[in-house]
Amino acid sequence: MCFFSEVCRLLMFFSGRFSLVTDLSFGMRGLANYCLSCCVNTLLQTFSATWELADLLDKWEAAGVRAASSNVPLQLKKVLADMKSDLPQPSPHHDFLHCLDRNCLRLYVQHDADEVFLSILNLIQQQMDDKNLALEIHNLYKICVETYLQCLECSSVQTHTSYLLSLPLHIKEDRNSLEGCMASFFEHQELRGIDCCFCEQCGTKTPSKQGVKLLSLPRILCVHLKRFRNSHGYTRKLDCRVTFPETFDIFEILKGAFSPDFVQNDCKYTLHAVVVHSGTAMFGHYTAYVRRWVNKRWYYANDSSVKQVSWEEVKTSYGGHYRPTAYMLMYRRDSREQEQQPEFSS
């Protein structure tokens with residue numbers, strides 16, 4: 001999805017103004033666009049802003065790992081450590097990209113950011129030899145949910161527990177808000193007529209309602225705004241506007257979406273990363289806004305170029321016709337951080 005990025009790179013090169021921008025004052029390194037890698041570059045910037053992930057990987061002693069060049073968590077650990085160093089050139093990440101290629105996330109191929117994100121998390125689970133640490137990383141993003149099916153005749157309920165690593169939100173083709181999209185996700189749906197389901201207690205198909213309840217929420221809440229639609233073999237992108245807050249309390253948004261078994265008391269979240277998609281479904285480019293935990297300031301990472309920005313600029317990714325659009329949102333649950341830092345933007 002790097003058509004725009006490659007054009008810009010060539011134009012800057014031939015004009016004699018090609019540069020690799022990294023501001024050492026905030027210790028954040030860019031990532032060169034190698035083999036159409038803007039999607040992975042963007043996710044690496046969000047992982048780098050998720051200090052909890054880097055801390056867990058740092059605890060891992062991978063002495064027994066075989067085929068290190070194909071081991072995703074090991075290569076991710078290395079590249080995240082490199083991204084912390086204060087060096088003027090972009091962080092070296094070719095080994096990580098080739099490692100993904102060996103695990104079927106191919107170079108020179110257009111990828112979907114949410115699919116790559118989930119693939120990386122799943123490969124960490126499969127390839128870490130320390131299963132306790134692998135589980136901690138898994139739990140960092142794990143959203144536990146309970147799906148239910150209630151018979152409208154006898155009121156009996158069938159439930160099934162599962163989990164998500166990102167919350168996939170359907171968006172409408174006009175204006176949306178994150179709060180509205182989340183509320184819609186947890187609304188129950190009535191099943192009648194040909195959609196009736198079999199009720200064991202009634203012994204026949206009956207009208208019912210189905211829905212999803214929250215059992216637990218993760219430290220890092222990843223939201224996927226589903227902007228791509230597939231119809232008759234053609235994929236198109238929805239550029240419609242989706243507003244999202246810098247902070248929110250999920251209890252206030254989803255009052256009826258919690259299972260009786262939900263026990264967490266504090267569910268206030270602060271945004272720390274936004275994956276942005278520009279262009280069309282077939283010819284596009286990924287970039288990222290990340291909020292540095294060290295100084296609470298926002299930065300914009302466009303491959304090798306990194307610059308400080310304001311919250312007002314982050315909000316330009318709400319979208320609109322021919323505008324860059326937020327595609328994934330990363331929120332951190334940490335009330336203590338909010339108490340210490342009441343002002344988030346500058």
Side-chain angles (χ1 to χ4, degrees), residues 39-57 60 71-77 79-80 96 99-100 103-105 111-128 130-147 160-171 178 181-182 184-186 211-228 244 248 250 253-254 257-259 261-262 264 267 269-277 286 288 290 326-334:
C39 176
V40 176
N41 291 355
T42 297
L43 290 173
L44 283 173
Q45 293 292 0
T46 69
F47 287 143
S48 180
T50 309
W51 57 265
E52 299 90 340
L53 173 62
D55 280 358
L56 288 171
L57 288 171
W60 179 36
N71 188 277
V72 169
L74 180 60
Q75 295 301 327
L76 180 60
K77 175 180 178 176
V79 74
L80 291 181
F96 181 69
C99 177
L100 292 180
N103 285 276
C104 298
L105 291 170
H111 290 293
D112 178 88
D114 183 68
E115 291 178 1
V116 175
F117 169 77
L118 296 176
S119 294
I120 290 173
L121 292 184
N122 287 329
L123 287 165
I124 289 173
Q125 293 301 298
Q126 296 167 18
Q127 297 178 353
M128 279 189 79
D130 187 329
K131 296 306 177 184
N132 289 327
L133 275 177
L135 182 60
E136 285 192 60
I137 293 174
H138 194 71
N139 288 340
L140 192 62
Y141 297 93
K142 186 177 179 180
I143 308 164
C144 289
V145 296
E146 178 184 78
T147 57
H160 175 71
T161 300
S162 59
Y163 70 87
L164 304 164
L165 295 176
S166 67
L167 189 63
L169 299 184
H170 178 84
I171 61 176
L178 176 64
C181 292
M182 291 179 72
S184 294
F185 181 86
F186 289 98
V212 180
K213 297 285 187 181
L214 281 166
L215 286 169
S216 68
L217 285 163
R219 179 69 183 276
I220 306 299
L221 176 62
C222 177
V223 176
H224 172 208
L225 302 176
K226 299 179 69 175
R227 290 188 173 275
F228 297 105
F244 50 87
F248 70 88
I250 204 164
I253 298 173
L254 304 174
F258 297 91
S259 165
D261 297 325
F262 189 92
Q264 293 168 244
C267 290
Y269 282 88
T270 300
L271 185 69
H272 73 275
V274 182
V275 172
V276 179
H277 183 269
Y286 283 110
V290 296
Y327 187 59
M328 297 175 69
L329 307 171
M330 311 287 190
Y331 282 90
R332 171 180 286 112
R333 190 188 72 227
D334 191 343

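Start at 1 with the first residue, then count along the sequence.
Contact annotation: the side chain of Val40 approaches that of Phe96 to within less than 4.5 Å [non-hydrogen atoms, C-beta and beyond]. Looking only at side-chain heavy atoms (C-beta outward), Glu52 and Arg219 come within less than 4.5 Å of each other. Looking at Leu100 and Val72, their side chains come closer than 4.5 Å, going by heavy atoms from C-beta outward. Using a 4.5 Å heavy-atom threshold, the side chains of Tyr269 and Met330 count as separate. Counting heavy atoms from C-beta on, the side chains of Phe186 and Lys213 never come closer than 4.5 Å. At least one side-chain heavy atom of Gln264 sits less than 4.5 Å from a side-chain heavy atom of Arg333. Taking 4.5 Å as the limit, every side-chain heavy atom of Leu169 sits out of range of all side-chain heavy atoms of Lys226. Side-chain contact between Val79 and Leu44 is present, with at least one heavy-atom pair separated by less than 4.5 Å.
The shortest heavy-atom contact between Leu53 and Phe47 is CD2-CD2, 3.4 Å. Contact record, Phe248 with Leu178: CE2-CD2, 4.2 Å, taken as the closest heavy-atom pair. For Tyr286 against Ala113, the heavy-atom pair with the smallest separation is OH-N, 3.2 Å. Scanning all heavy atoms of the two residues, the minimum distance from Leu123 to Pro73 falls at O-CD, 4.1 Å. Here the closest heavy-atom approach between residue Met328 and residue Cys222 is recorded as CE-SG, 3.5 Å. Scanning both residues, Val116 and His111, for their nearest heavy atoms gives CG2-CB, 3.6 Å.
Residues passing the side-chain hydrogen bond (donor to acceptor under 3.5 Å, both in side chains) test with His138, sequence neighbours excluded: Tyr163. For Asp114, the side-chain hydrogen bond (donor to acceptor under 3.5 Å, both in side chains) test picks out Ser166, His224, with sequence neighbours left out.
With hydrogens and angles disregarded, no donor-acceptor distance shorter than 3.5 Å links the side chain of Glu146 to the backbone of Leu215. Under a 3.5 Å cut-off, the side chain of Gln125 and the backbone N or O of Ala134 do form a donor-acceptor pair. Remark: side-chain polar atoms of Arg227 are not paired, donor with acceptor, to backbone N or O of Ile171 under 3.5 angstrom. Side chain of Asn139 to main chain of Lys142: no donor-acceptor pair is present (N/O by atom type, distance under 3.5 Å, no hydrogens or angles).
The structure places CD of Gln75 at 11.5 Å from NZ of Lys77, a figure rounded to the nearest 0.5 Å. Once rounded to the nearest 0.5 Å, the distance linking CZ of Arg332 with CG of Leu140 reads 8.5 Å. Rounding to the nearest 0.5 Å gives a distance of 8.5 Å between CG of Leu133 and CG of Leu57. For the atom pair CD1 (Ile124) and CG (Leu135), the distance works out to 12.5 Å, reported to the nearest 0.5 Å. Separation of atoms CD1 (Ile220) and CD1 (Ile137) is listed at 12.5 Å; rounding is to 0.5 Å. Rounded to the nearest 0.5 angstrom, Leu214 CG and Phe262 CZ are separated by 6.0 Å.
Annotation: side chain to side chain donor-acceptor pair (under 3.5 Å) contacts involving residues 40-50, sequence neighbours excluded, comprise Ser37-Asn41, Asn41-His93, Asn41-Asp303, Thr50-His272.
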**Request:** Could you check Ile250 against Phe258 for side-chain contact (heavy atoms from CB on, under 4.5 Å), going step by step and ending with a plain yes or no?
**Result:** CA-CA 10 Å; Ile250 204 164; Phe258 297 91; 4.1 Å; yes
**Item:** Working for side-chain contact (heavy atoms from CB on, under 4.5 Å), residues Leu167 and Phe185
**Value:** CA-CA 9 Å; Leu167 189 63; Phe185 181 86; 3.7 Å; yes
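Ring-centre distance between Tyr141 and Phe117: below the 6.0 Å cut-off.
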